[in-house]
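One structure below.
In this text, all values refer to a predicted model and were calculated from it rather than measured experimentally. All residue numbers refer to positions in the sequence shown, counting from 1. All heavy atoms count here, side chains included; hydrogens, waters and symmetry mates do not.
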Amino acid sequence: MIIDKLYEEVQAKGNVCIGLDTHLDYIPEDIKLKYIDIDEIIFRFNKKIIDCTEDITAIYKLQIAYYEAYGIKGLIAYKKTLEYLRSLKSLTIGDIKRGDIQSTADMYAKGHFEGDFEVDFITLNPYMGFDSITPYFKYLDKGNKGIFVLLRTSNPGAKDIEYLDVNGEKLYYHIGNKLEELGTKYMGESGYSLIGGVVGGTHTDEAIEIRERYKNMYFLIPGYGAQGAKGQDVNLYLNNGNGGIVNSSRGIITAYKKHEDGIENFEKYTREAVLSMREDIGYEE
């Protein structure tokens, strides 16, 4: 199962998930001058990051909005990046956060689990109801695809809906309970399900309870670095160093900008950012 491969990648390489949320402002001028088309500029920047981190990175997450914003060329860059990662046998998350009626969800599933935009995992939004998630399960049945469903997110506005009281418990616990129930059908040998949850690293108050309550749920943990979460915060969601991947985007892909010689030593500073993050989380080789 794909969740077992993720578990093994984390064991071997650490918990870092690099967010390739690529904005043109992040890209060094030498790449912009060398290539003309936006798709090639973005892809070459992504490739540069991948090439110097692939051996120490468990998985890469592409937030599709950063590619949609540049139109067709941006989506071509998204496709090229995914194809390159696939050629390296690296795991991928399409951060698409879809949530819609069944007929539409069927097409979203086809669009991101097959074809040009195929990835190993996608993110989903459950707040339209669980029938917006179940259409993806036919791909989970094969064992080679997985989902990360929004549970308790890292943004300040999470409390507007996710924290609402429902029969004496926060709404996100009702979501988590249902996901845990659905996930029993998709258990891997690692003890984790193909149905994972997105839990924000910036809110640590309930972290221990969430980890304890959802023992078989693998977590995608955003919020590290630029959003304020530290290694000791996100570590609360892990289980003996596994059970979760921690996403960082700007902190890694713009690490070179913090140094005067950053462009000349791009690979060095990008790699150092990943190694520093791994150490901060507590990964031990």
State whether the side chain of [X] and the backbone N or O of [Y] hold a donor-acceptor pair below 3.5 Å, judged by distance alone.
{"X": "Asn125", "Y": "Lys97", "result": "no"}
{"X": "Arg211", "Y": "Tyr214", "result": "yes"}
{"X": "Asp165", "Y": "Gly168", "result": "yes"}

Should we count [atom1] of [X] as having more than 12 external heavy atoms under 6.0 Å?
{"X": "Lys185", "atom1": "NZ", "value": "no"}
{"X": "Ile161", "atom1": "CD1", "value": "no"}
{"X": "Lys257", "atom1": "NZ", "value": "yes"}

Heavy atoms only: give me the nearest [X]-[Y] pair and the separation to one decimal.
{"X": "Ile18", "Y": "Asn247", "result": "C-OD1, 3.9 Å"}
{"X": "Asp39", "Y": "Ala77", "result": "O-CB, 3.5 Å"}
{"X": "Ile59", "Y": "Thr92", "result": "CG1-N, 3.8 Å"}
{"X": "Ala105", "Y": "Ser132", "result": "CB-O, 3.8 Å"}

* With sequence neighbours left out, what residues match Glu180 under side chain to side chain donor-acceptor pair (under 3.5 Å)? ->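 If we apply the side chain to side chain donor-acceptor pair (under 3.5 Å) test to Glu180, skipping adjacent residues, there are no hits.
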
* To do: List in chain and number order the residues that pass side chain to side chain donor-acceptor pair (under 3.5 Å) with Arg271, two or more places apart in sequence or in another chain; answer none if no residue qualifies.
  =>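 With neighbours one apart ignored, the set is Asp55.
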
Short N-O contact, [X] and [Y], less than 4.0 angstrom:
{"X": "Glu54", "Y": "Lys13", "value": "yes"}
{"X": "Arg86", "Y": "Asp120", "value": "no"}
{"X": "Glu8", "Y": "Lys5", "value": "no"}
{"X": "Glu169", "Y": "Arg213", "value": "yes"}
{"X": "Glu83", "Y": "Lys80", "value": "no"}

Fit a plane to each ring of [X] and [Y], take the angle between them on a 0 to 90° scale, and name the class: parallel (under 30°), tilted (30 to 60°) or perpendicular (over 60°).
{"X": "Tyr237", "Y": "Phe219", "value": "perpendicular"}
{"X": "Tyr78", "Y": "Phe117", "value": "perpendicular"}
{"X": "Tyr26", "Y": "Tyr66", "value": "tilted"}

* Would you please test Tyr218 and Tyr7 for ring-ring contact (aromatic ring centres under 6.0 Å, His included) and show each step? => CA-CA 9 Å; Tyr218 212 91; Tyr7 180 90; 7.1 Å; no

* Asked: Regarding Lys159 and the six-membered ring of Tyr163, is the cationic atom NZ or CZ under 6.0 Å from the ring centre and inside 45° of its axis?
  ->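 Yes, Lys159 and Tyr163 form such a contact.
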
* Residues two or more places apart in sequence or in another chain: which of them pass ring-ring contact (aromatic ring centres under 6.0 Å, His included) with His259? ->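 For His259 the ring-ring contact (aromatic ring centres under 6.0 Å, His included) partners, ignoring immediate neighbours, are Tyr269.
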
Any chain of hydrophobic side-chain contacts (each under 4.5 Å) joining [X] to [Y]?
{"X": "Leu151", "Y": "Ile208", "value": "no"}
{"X": "Ile101", "Y": "Tyr127", "value": "no"}
{"X": "Ile195", "Y": "Met128", "value": "no"}

* Asked: Does the pair Tyr173 and Val166 meet the rule for a side chain to side chain contact (heavy atoms under 4.5 Å, CB included), with working shown?
  -> CA-CA 9 Å; Tyr173 280 130; Val166 180; over 6 Å; no

* Asked: Can you check side chain to side chain contact (heavy atoms under 4.5 Å, CB included) on Leu24 and Ile42, steps first, answer last?
  -> CA-CA 7 Å; Leu24 283 180; Ile42 294 173; 4.2 Å; yes

